[in-house]
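One structure, pasted below without further comment.
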Protein chains: 2
Amino acid sequence: MAAHATDVSLAVSTVIFALRPHPETGRMTVWMPLVRRIREPFVGKWALPGGPLEPDEDLAESAARTLAETTLLTPQYLEQLYAFGNIDRSPGGRVVSIVYWALVRSEEADVAVETENVRWFEADSVPELAFDHNLIVEYALWRLRNKLEYSSIAHAFVGDTFTLSELREVHEAVLQKPLDPANFRRQIEGSGQVVPTEHLQTGGRHRPARLYRYNRAASDENNGPLPSRSLPGRTQGAS
Amino acid sequence: MAAHATDVSLAVSTVIFALRPHPETGRMTVWMPLVRRIREPFVGKWALPGGPLEPDEDLAESAARTLAETTLLTPQYLEQLYAFGNIDRSPGGRVVSIVYWALVRSEEADVAVETENVRWFEADSVPELAFDHNLIVEYALWRLRNKLEYSSIAHAFVGDTFTLSELREVHEAVLQKPLDPANFRRQIEGSGQVVPTEHLQTGGRHRPARLYRYNRAASDENNGPLPSRSLPGRTQGAS
DNA sequence: CCAAAAGTGTTGCTAATACACCCATGT
DNA sequence: ACATGGGTGTATTAGCAACACTTTTGG
């Protein structure tokens, strides 16, 4: 009852979110890279990046690896989303997918590769995907929008330092509604999730804006007993 | 790269919560059943009920099955908690565990079996468990307490109809703090998650209390795009 | 009548909203 | 000077916590 090998194969996939200006309207919206399937089932259809779990890597590592392999991106945020394991979700073999979701900076997303088999889609209007990936994307988007309101993940979309306008633009893009600049400022400043620096950002044709830095300590408190949940490893070491 | 069988085995475990009066103080507290391991690794240690995923059952089904096998309980609520898959979490073989958490009614918990290898523990003071199960229990407790405050899962601990005092007692037991009866009433009634019936509960040496019923429709809205999340199947059909 | 819990009312605080207004820069 | 966003002030409102008070039962 204990040691017989399972007939179920285990995969790890990732929903990757980035903000990009919409090519037509110019407004910032949520985008995600998808990969084209090159074998059955669902050949030719778009799907989430991912692959089988290697025996020598942790779940989050696996997500980060396949993410890097397909898009060359390094995520600022990576968190487990859900494990999908319905019997019939994959024709031709039982597959349980542990799905992660990741956030990458906008600047990075701009440089991201786009090939014949990797393309960016607007998150709210992805085509019909392979497997149950449409449901997964829908759920990930729901989590993103939900979590943005009670957590401090927005900073993952911006640089190390940022103006409050930039941060507000992130919120507006994700939540798809305009926010009052004055109230947004007070909310964010009051939450302690952000720390002012001494630098200002000049260059706009208006008053320079103060630059802020993310305050890691403040937001680690609401994350529960599970380890870090944010960047899988700041380790920039050679490898 | 695609079809080679994985070396990783897949298990499903469940953290089961019920409310029981503390044997000494008499106060309601959170309890959970644990099973004693009867083989290596960790022989003799207590662990979460669970087992390998059968190829012909969904993840939630598997959780419900092992839950029933060990405790004979039928949960009122069953939701996926997290997938634990660190490389070294199980000595002697890579195991990824998809963990669920369940809530069962207090009356049921009273009747629950307790054998040499199944025992109830107070959730806040479990002994040293097998594997990483202490972390899992801690996380499940955190989720329970968290979710109680923004969701309407408390009804899973009580019967089909209940007084607001009973519901408040659930909140107080889980959150470990007294709540103002007047404000609690307004909060619950105002949230629409509960519907008054025409019946009163007499018998106490005081004014009879109105009985309420859970309002399923109202709380399905905050649950995101994932299917039902509550009872795995109200199907009482023979099997 | 009294104890005890059910249920209602009121007050005061805090936080979110809406919006008016001043500030500092580039052109 | 003026347009543009940065940043502050403020009045209104909604929600919540604290607690006084009334109601209805069993004893």
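Naming convention: chains lettered A, B, ... in sequence-line order (proteins, then strands); numbering from 1 in each chain.
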Atom CG of B/Leu167 and atom P of C/dA5: how far apart are they, to the nearest Å?
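Rounded to whole Å, this separation is 18 Å.
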For residues 192-205 of chain A, which residues have at least one heavy atom under 4.0 Å from DNA chain C?
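Heavy-atom contacts with DNA chain C come from A/Gly204, A/Arg205.
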Per the salt bridge (Lys or Arg N to Asp or Glu O under 4.0 Å) rule, which among B/Glu79, B/Glu149, B/Glu138 passes with B/Arg143?
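The salt bridge (Lys or Arg N to Asp or Glu O under 4.0 Å) with B/Arg143 is passed solely by B/Glu79 among B/Glu79, B/Glu149, B/Glu138.
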Are there over 12 heavy-atom neighbours, none belonging to B/His22, within less than 6.0 Å of that residue's NE2?
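Counting neighbours around NE2 of B/His22, more than 12 heavy atoms of other residues, nucleotides or ligands fall under 6.0 Å, so yes.
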Are there more than 12 heavy atoms of other residues, nucleotides or ligands under 6.0 Å from atom CZ of A/Arg145?
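Yes.
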Summary of protein contacts for nucleotides 8-18 of chain C, nucleotide by nucleotide, where a base hit scores B, a sugar-phosphate-only hit scores S (4.0 Å, heavy atoms):
BBB------BB
Under 4.0 Å between a side-chain nitrogen and a carboxylate oxygen: does that hold for B/Arg105 and B/Asp160?
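A salt bridge is present here (some side-chain N lies under 4.0 Å from a carboxylate O).
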Is the gap between the ring centers of B/Phe17 and B/Trp31 under 6.0 Å?
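Centroid distance B/Phe17-B/Trp31: not below 6.0 Å, so no.
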Residue pair B/Thr161 / B/Tyr212, side-chain heavy-atom distance below 4.5 Å:
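A side-chain contact under 4.5 Å is absent here.
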Could you tell me how far apart B/Arg210 (CZ) and D/dT24 (P) are, to the nearest whole angstrom?
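Whole-Å distance recorded here is 12 Å.
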Would A/Glu172 and A/Lys177 pass as an ion pair if we require N to O under 4.0 Å?
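Judged by the 4.0 Å cut-off on N to carboxylate O distance, A/Glu172 and A/Lys177 do not form a salt bridge.
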Name the orientation class of the two ring planes belonging to B/His155 and B/Tyr214 (parallel below 30°, tilted from 30 to 60°, perpendicular beyond 60°).
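Ring orientation of B/His155 relative to B/Tyr214: parallel.
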Rounded to the Å, how far apart are A/Tyr212 OH and D/dG6 P?
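So the two atoms are 11 Å apart, to the nearest Å.
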Positions of residues 168-179 of chain A (non-hydrogen atom under 4.0 Å from DNA chain C), listed by number:
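Going residue by residue through residues 168-179 of chain A, none turns out to have a heavy atom under 4.0 Å of DNA chain C.
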Ion pair present between B/Glu69 and B/Arg65, side-chain N to carboxylate O less than 4.0 angstrom?
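Salt bridge flag = yes for B/Arg65 with B/Glu69.
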Starting from P on D/dG7, measure out to CG on A/Leu164 and report it in whole angstrom.
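In whole Å, D/dG7 P and A/Leu164 CG are 7 Å from each other.
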Just wondering, are more than 12 heavy atoms of other shown residues or ligands nearer than 6.0 Å to CD in A/Glu114?
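Yes.
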